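Quick notes on the structure that follows.
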Amino acid sequence: MTIAKQGQQTTSGATQDRYDPGEIEPKWQQRWAEAGIYRVEDSVPGKENWFALTMFPYPSGDVHIGHWFAYAPADAHARFKRMQGFNVLHPQGFDAFGLPAENAAIARNVDPREWTLSNVANMRRQFNRMGNSYDWSRNLVTCTPEYYHWNQYFFLKFLEAGLTYRASGTANWCPTDQTTIANEQVKDGACERCGTPVIRREMPQWFFRITKYADELLEMDDIQWPEKIKLMQRNWIGRSTGVTLGFDVDEFAPGEKIETFTTRIDTVFGVTFVVLAPEHPLVEKLTQPGQREAVESYVNNARSASEIERTSTEREKTGVPTGAYAVNPLNSERVPVLVGDYVLATYGTGAVMGVPAHDERDFVFAKKYGLPIRVVVAPPGWDGSELDEAYIAPGTQVNSGEFDGLPSAEGMEHIADKIEANGWGHRTVTYHLRDWLISRQRYWGTPIPIIYCDNCGTVPVPEKDLPVLLPDEANFKPTGQSPLTMDPAFLNTTCPTCGGDATRETDTMDTFVDSSWYHLRFTSPGESEQPFSPERVKKWVPVHQYMGGAEHAVMHLLYSRFYNKALRDLGFVKFDEPYTRLFNQGLLIKDHKKISKRSNPLNPEPVIERYGADTLRCYLMFLGPWDQGGDWSDSGINGISRWLNRVWDLSQRDASHLSKAQPDESAMKALTRAAHSTTGRVVGELAEFKFNTAIAALMEYTNELNRLWDNGGISSAEWQDAVERLMLLAAPMAPHITEELWERTGHSSSIHLESLPGWDDSLAAAETLTIVVQVNGKVRDTLDLPADVSEDDAITAAMDSEKVQRHLEGGTLIKKIYVPGRLVNLVMRPG
RNA sequence: GCCGAAGUGGCGGAAUGGCAGACGCGACGGUCUCAAAAACCGUUGGGCAUUAACGCCCGUGUGGGUUCGAAUCCCACCUUCGGCACCA
């Protein structure tokens, strides 16, 4: 359906052309682009800078409704800040490296670069159709050498500083994507991208030493982020304090110790066994000849199990004895050493002291293998009987030698002191966070700038040779090896140190490397001698307002904070955090269900076709609070469409006759009140991202203006002011229609370069207040009283009310409560 | 299992200690029309009661509590969603 083009009768009797977004929206998009009204200077006298950043998209092909939901409200907020008088930088770019391009290349035999760049061009067009106020002159696309050059540069700077390193170990391998992935990219034991269960694989990989900043990353007092995200990051970093304690195994492996980590050193006298992770380096040495076969088969089994199986809490706790024994230094007891796959090689020391009485897992394990269970922290009122389950809570030390009788919290400290005094171990802090694995065995990413030489070893590519270009052509059929290995022209090179034959590193970088610093690049587009200009960065960063989804809580948002701290320590930036404020929008659904191309589609194209971009923008903002997501219904959008049509009609009425009529004082006051109170409400709500209630306030205002027009008695000047406010306040949400109306009502410059109207609270205040009168908390009457009514007068008026008196009969009045401007509550005792 | 958020009309939601349901959708009735759509006007939480009017009772997941007064604060539980999860 197209919108009718015929003239429309308005209540004022004037005929005007109909609101036709299909005509005005492309017109203004073009005019804005030509005039460059959103191009931003680094500084404008008298204006404060405001960096409004949205998480940049992956160029997947088309701008879908999820993009609209993320970017249109973000743009409205940026526009709001601009109209508040800030010099606003609102850029957009493309996170253009990554697997989909490569997979499309494999599936459809297209070039990943062409595929990506054509998607970029297409999405840029579609973003313009949204009417966003992007400064495209600062656009960046991460798959270009101008950008990834600096990924390589930072990689080398980090390497010099010891923040980049290569290590061999068990990595998470996604069998579908044919690459290793970082811990943060494993969700429920499966690849975050494709959902395939990950397996473990031993291979040398490059890491960024994010764990160096674990403690600093826990400090988040100075950033205004949702508590939820801070909590997720805290949990992910997972700091826990405890004690590393060595168990002597001299008898079986001379000179070796089993280092165990525990947060419950108060239970150390209850150790009845020690368990090693299957991957633990001492397993081989400690395994006794009679046990060799059983242990080897157990370890091989554990290795081949998937990460999901390995880490399932449902999994039965199994283990095999190594035949060796370890000595607990606290009581010199000899306890068996077992291998069990419920112990993770990657956490703590990869070995645990088994205290079945006070750890659920150890308890189950001990029961299964008939190992002794000794209570050393007595539950309150414990009678010495056997436990039915592990006792985890604090208690009193028993069977703990000199520590008997102490509360376990104290025991913990005293035992730790003794261990440290005797050199048996030391207090330790461990983290769940592990270093960021950045190597990817894929083609479409930033080449890692490293050369391997038989003579000189691992040699960084000299800075002057950067960027190491990603070759145009590659055979990227996934083979489990990096595609670049198949490209001899890329692979074979000469050593920059000795000039001899050498080969290049063929892995590429995780794409989260690209997004860790892109906000800095937006300040310095086109910079070719350095990644960004420190002077320009200083003007814009830390980002004032970052907006995006919560799914990046422990990926991008954590990596980016790490990058900032690393860059600060290398002298590139002066601040501690990249993003001062963060707002997370929720998830858009439709008819209570997840939107899905197949089963529950919601394509923006027909919606724009039928209603226009402004209506779509406003509807998405009207659905509900942005941070709680929204539930789309096809019929609901009609309400917004009707409202914008009313705004269209209202704003263009010929008000010239108004001045001829006799103005009515109360009508004029009502008009002023509506104008000023709406301005205050809308400005307050937009500041807090409450677009839904801001639009509701504007709808109420529109309805009120219609009533006041019909009732008459208002002056032409007052009306013009009231209508101008409507246009200005709606402009951030509905940029096209307001721009068109602004021009039609005689303005020659863009509404988007105007300031928001001011307001006066005293003009916004009502002259009379509606006071609720309650008897025993139940509403019995409402009274219209002067705004400055005294407490005594309000109570007297309340008591005089006939409706109230009816409820006062037959009881004793014991209390009178007055809440100024709100209510009177008369408290009665019956009888 | 642990941590977090949320439960309000037929629907999206508003109200964060003071008139529950703003604003909008939908529905119903009306105006206009040959008719329909659009547009506009009116009604719309449930129940009781009435010719009509004045009214009354119930109601924000469940149960308790604090308070003159609770959707809002506290305790317990239920449900849904999100995150983490053999973390020693």
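Computed from heavy atoms alone, side chains included, the values below leave out hydrogens, waters and symmetry copies. Every chain is numbered from 1 and lettered A, B, ... according to where its sequence line falls, protein lines coming before strand lines. Because the structure is a prediction, the values reported are computed rather than measured.
Computed from coordinates, the A:F365 CZ to B:rC86 C1' distance equals 12 Å when rounded to whole Å. Atom CD of A:Q585 and atom P of B:rG82 are 16 Å apart (whole Å). A straight line from OH of A:Y818 to C1' of B:rG18 spans 12 Å, rounded to a whole angstrom. Atom CD of A:Q233 is separated from atom P of B:rG82 by 20 Å (rounded to the nearest Å). Taking atom CD of residue A:E551 and atom P of nucleotide B:rG83, one finds them 10 Å apart after rounding to whole Å. Between A:I637 atom CD1 and B:rG26 atom C1' there is a gap of 16 Å when expressed in whole angstrom units. The distance from atom CE of A:M555 to atom P of B:rG83 is 10 Å, rounded to the nearest whole Å. Between A:K187 atom NZ and B:rG83 atom C1' the separation is 8 Å, expressed in whole Å.
Comparing B:rC73 with B:rG1, their P atoms sit 26 Å apart, to the nearest whole Å. Separating the P atom of B:rG65 from that of B:rU60 is a span of 15 Å, rounded to the nearest Å. Nucleotides B:rG12 and B:rA22 place their P atoms 15 Å apart, quoted to the nearest Å. The separation of B:rG61 from B:rA52, taken at their P atoms, amounts to 35 Å, rounded to a whole angstrom. Spacing of C1' atoms, B:rG64 relative to B:rG13, comes out at 29 Å, to the nearest Å. Using C1' as the reference atom, B:rG63 and B:rG9 are 24 Å apart when rounded to the nearest Å. Going from the C1' atom of B:rC3 to that of B:rG10 covers 36 Å, rounded to whole Å. Nucleotides B:rC81 and B:rA70 place their P atoms 32 Å apart, quoted to the nearest Å.
You'll find that the side chain of A:H807 is closest to B:rC56, out of B:rC56, B:rC68, B:rC19. Of the candidate nucleotides B:rC87, B:rG83, B:rC57, B:rC57 has the atom lying nearest to any side-chain atom of A:K778. Minimum atom distance to the side chain of A:L344 is reached by B:rA88, of the listed B:rA88, B:rC23, B:rC54. When each of B:rG26, B:rC23, B:rA20 is scored by its nearest atom to the side-chain atoms of A:R642, the top-ranked nucleotide is B:rG26. Of the candidates B:rC19, B:rA85, B:rC25, the closest approach to any side-chain atom of A:N638 belongs to B:rC25. Of the candidate nucleotides B:rC86, B:rC68, B:rG24, B:rC86 has the atom nearest to the side chain of A:D341. Candidate nucleotides B:rC87, B:rC23, B:rA38 were compared by shortest atom distance to the side chain of A:M699, and B:rC23 ranks first.
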Task: Per-nucleotide protein contact string for nucleotides 1-14 of chain B, where B marks a base within reach and S marks sugar-phosphate only (heavy atoms under 4.0 Å, - for neither) - done: --SS------SBSS
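By the side chain to side chain donor-acceptor pair (under 3.5 Å) test, A:E791 is found to be paired with no residue, residues two or more places apart in sequence or in another chain being considered. Applying the side-chain contact (heavy atoms from CB on, under 4.5 Å) criterion to A:V772, with sequence neighbours excluded, gives A:Q774, A:V779, A:T782, A:L823. Annotation: salt bridge (Lys or Arg N to Asp or Glu O under 4.0 Å) contacts of A:R200 (sequence neighbours excluded): A:E307. Considering only residues two or more places apart in sequence or on other chains, A:F273 meets the ring-ring contact (aromatic ring centres under 6.0 Å, His included) condition with A:F365. In this view, A:W436 and A:F208, A:Y559 satisfy the ring-ring contact (aromatic ring centres under 6.0 Å, His included) rule, not counting sequence neighbours. Taking A:Y619 as the reference, nothing meets the side chain to side chain donor-acceptor pair (under 3.5 Å) condition, with sequence neighbours excluded. Remark: A:Y369 engages no residue in a side chain to side chain donor-acceptor pair (under 3.5 Å) (not counting sequence neighbours). Under the ring-ring contact (aromatic ring centres under 6.0 Å, His included) criterion, A:H280 pairs with no residue at all, not counting sequence neighbours. Contacts of A:W236 classified as ring-ring contact (aromatic ring centres under 6.0 Å, His included), with partners at least two apart in sequence or in another chain: A:H432.
For the pair A:V819 and A:A351, both in contact range of RNA chain B, the more 5′-proximal nearest nucleotide belongs to A:V819. In terms of position on RNA chain B, the residue among A:M232 and A:E316 whose nearest nucleotide sits closer to the 5' end is A:M232.
Contact annotation: A:R780 side-chain N/O to B:rC56 OP1/OP2 distance is under 4.0 Å.
To the nearest 0.5 angstrom, A:L826 atom CG is 8.5 Å from A:N776 atom CG.
B:rG9 adopts a syn glycosidic conformation, its chi angle falling within 90° of 0.
Taking 4.0 Å as the cut-off between side-chain N and carboxylate O, A:K317 and A:D341 do not count as a salt-bridged pair.
The side-chain tip of A:R653 points at the ring of A:W709 from less than 6.0 angstrom away and within 45° of straight on.
Heavy atoms of A:V343 sit under 4.0 angstrom from at least one base atom. Among the protein residues, A:T430 comes within range of no part of the nucleic acid, since none of its heavy atoms lies under 4.0 Å from any strand. In this structure, A:G238 reaches neither bases nor backbone, as no heavy-atom distance under 4.0 Å exists between it and the strands shown. Across all strands, A:V352 comes closer than 4.0 Å to base atoms (heavy-atom distances). If you check every strand for non-hydrogen atoms under 4.0 Å, A:E700 touches sugar and phosphate atoms only. If you check every strand for non-hydrogen atoms under 4.0 Å, A:V772 touches a base. Backbone-only contact: A:R646 has heavy atoms under 4.0 Å from sugar-phosphate atoms and none from a base.
Non-hydrogen atoms lying under 4.0 Å from RNA chain B are contributed by A:R361, all within residues 357-364 of chain A.
Annotated stems with RNA chain B as a participant read B:1-7 with B:78-84, B:10-12 with B:23-25, B:26-31 with B:39-44, B:45-48 with B:55-58, B:61-65 with B:73-77, given as range with range, by first number; only runs of 3 or more Watson-Crick or G-U pairs under 3.5 Å qualify.
Below the 3.5 angstrom threshold, one finds no donor paired with an acceptor across the side chain of A:K815 and the base of B:rC68.
Panel note: side chain A:T428, backbone A:H426; a donor-acceptor pair is recorded below 3.5 Å.
Checking each of A:V429, A:L433, A:T430 against A:R239 for a side chain to side chain contact (heavy atoms under 4.5 Å, CB included) leaves exactly one that passes, namely A:V429. For the side chain to side chain contact (heavy atoms under 4.5 Å, CB included) test with A:V339, the passing option among A:V275, A:T318, A:T322, A:L282 is A:T322; the others fail.
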